[in-house]
**Q** 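Could you have a look at this structure, given as structure tokens, before my questions?
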Amino acid sequence: MSQPPQTIAYPAPGSRPTGQIPERLAPHVVVLFGATGDLARRKLLPGLTHLSLSSLTPDIEVVATSLEDIDTDKFRDFAHQAVTEFGSRKLDESQWSSFAQRLRYVPQNAGPQALADAVADAEAALGPDVRRLHYLSVPPKAALAVVTMLSDANLVERSVVVMEKPFGTDLQSAIELNDQVHGVFRERQIFRIDHFLGKEAAQNILAFRFANGLFEPIWNRNFIDHVQIDVPETLGLDRRAGFYESTGAFKDMVVTHLFQVMAFVAMEPPTALEPRAISEEKNKVFRSLLPLDPNLVVRGQYAGYRSEEGVASESETETFIALKAGLDNWRWAGVPFYLRTGKRLAEGQRIISIAFKEAPKSMFPAGSGVGTEGPDHLTFDLSDDPKVSLSFYGKRPGPGMKLDKLSMQFSVDETGHAGEVLEAYERLLLDAMRGDHTLFNTAEGIESLWERSTPLLDNPPPVKPYAPGSWGPNAIHQLIAPHAWRLPFERTWREH
Ligand code: BG6
């Protein structure tokens, strides 16, 4: 459950608490494209505000731009509203106005020179050695025009560029986009973002797997029966029909977030916690992904989608997708990975569930209950209050031998450091400023994923209707049989 925003004590402007970030970073001008869009409103503006006020980042100035013809004052009002509505920390007036002064707006239609002038102004406010971070919060078809504009405005030097997903819309367009972006930026300047990898809980998968001797020896086809990565959302289209109608659930969520999370679950131990080693192992997972078989995919569309504003009356865009994927390598041969996500579903959840193979159980008498509640599970909850649970059968106290499903649970809230969690975009913005690619995607990885997706993109099964508030079309049960979806959970998480 989300907490009401808390007021936090930010350091006084100009003072930098020691020990928060190890290195001193150069000041940055953040050029935010798509600055009046949904992502900017929900995540990027609140995130930049927090980073700037908390002194986690160096000094920053923001040059915001979008297709809207507004001025800086209007944009500041827009940003204030966004931060008030979506920020997870409450700001007082002076905190807000100290950040607001750092915001400038220039309409994208004013052209490259106007953008260059605004950036020069912002740089002048920051002093020498300024770097630039260009954030492209724009749909795939607009990305190239922005890259060209940055080149025309002469803003490529001293910069990094953060590109939003989906990166391209199929293999061909991703290759072309990569080629064209490489015509302007070097690979080391490019940060292809996937915010799921910035989630504290996603990084905890790496810690959990590779910092402990307990699970890694059983992390393979001999002990694991199947894996589910399940991200249902209650959210509908919100204001994003334009984006969503041409994207759909597969490109919006699966080819990006769900496959990235799958890579963290499935990868071999990297040789070091550094970008090249991690990317190599993730890319090996993507290369071993079996081409997606359209027969093992359920596409759904919620009833009423076609009457939403901005949606075509005969739209075939899927608002739901469930699929069975497989990895053709030694560790995972024969282990199904079931992925599901969709809009307007019964609950908002983000879980990874690892089902272990069952014991022979032969020593337990009939009626003991052993095995009746499914296999042992390790469950990662990637929500904003991240949790991990290990479920197992244990003896019910009392005479006889009755077995119940029990669990050991851990919540990040219990660590005493919950207040230090950075929202995923905050973490990734900071990493991009530091030039750290560890949690970003590579051109090669993205192209492999599009390639493995080609059979589905070429031959998508027709969308099946489902009722808003349900768990998707009925066909999802056949897809996963003889197993069952973990969600909805039979038992709720323990309160802590
Ligand atoms: C975004 C998708 O990338 O991720 C949205 O475009 C989706 O459609 C969102 O709602 C989910 O992210 P989170 O962090 O809110 O679970």
**Q** Just so I know, are the side chains of Y302 and L345 near enough to count as touching, which here means a heavy-atom distance under 4.5 Å?
**A** no
**Q** Test your reading of the model: is there a side-chain donor-acceptor pair from E423 to the backbone of Y425, 3.5 Å cut-off?
**A** yes
**Q** Show the atom names and distances, to 0.1 Å, of all donor-acceptor pairs under 3.5 Å that link a side chain in residues 486-493 to residues at least two apart or in another chain.
**A**
unit_1 : atom_1 : unit_2 : atom_2 : d
R486   : NH1    : S353   : OG     : 2.9
R486   : NH1    : T379   : OG1    : 2.9
R491   : NH1    : E373   : OE1    : 2.8

**Q** Tell me yes or no: between the side chains of S137 and E164, is some donor less than 3.5 Å from an acceptor?
**A** no
**Q** Please list all pairs meeting ring-ring contact (aromatic ring centres under 6.0 Å, His included) that have one or both residues in residues 245-265, counting only residues at least two apart or in different chains.
**A**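 Sorted result for residues 245-265: H195-H257, F196-H257.
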**Q** For the backbone of P461 and the side chain of R299, can you confirm whether one donor and one acceptor N or O come within less than 3.5 Å of each other?
**A**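 Confirmed, R299 side chain pairs with P461 backbone.
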**Q** Under the salt bridge (Lys or Arg N to Asp or Glu O under 4.0 Å) test, which residues partner R287, sequence neighbours left out?
**A** E444
**Q** Sorted by first residue and then second, give each ring-ring contact (aromatic ring centres under 6.0 Å, His included) pair with at least one member in residues 343-362; sequence neighbours left out.
**A**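 Sorted result for residues 343-362: empty, none.
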**Q** Taking the six-membered ring for Trp, are Y338 and H226 ring centroids under 6.0 Å apart?
**A**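 Between H226 and Y338, which both carry aromatic rings, the centre distance is below 6.0 Å.
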**Q** Do M253 and I321 come close enough that some side-chain heavy atom pair is under 4.5 Å?
**A**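 When only atoms from C-beta onward are counted, I321 and M253 do not touch, as no gap falls below 4.5 Å.
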**Q** Test of understanding: with ring-ring contact (aromatic ring centres under 6.0 Å, His included), list the residues that count as partners of H80, not counting sequence neighbours.
**A**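 With sequence neighbours excluded, H80 shows a ring-ring contact (aromatic ring centres under 6.0 Å, His included) to W96, given in chain and number order.
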**Q** If the condition is ring-ring contact (aromatic ring centres under 6.0 Å, His included), which residues does Y244 pass it with, not counting sequence neighbours?
**A**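 For Y244 there are no ring-ring contact (aromatic ring centres under 6.0 Å, His included) partners, ignoring immediate neighbours.
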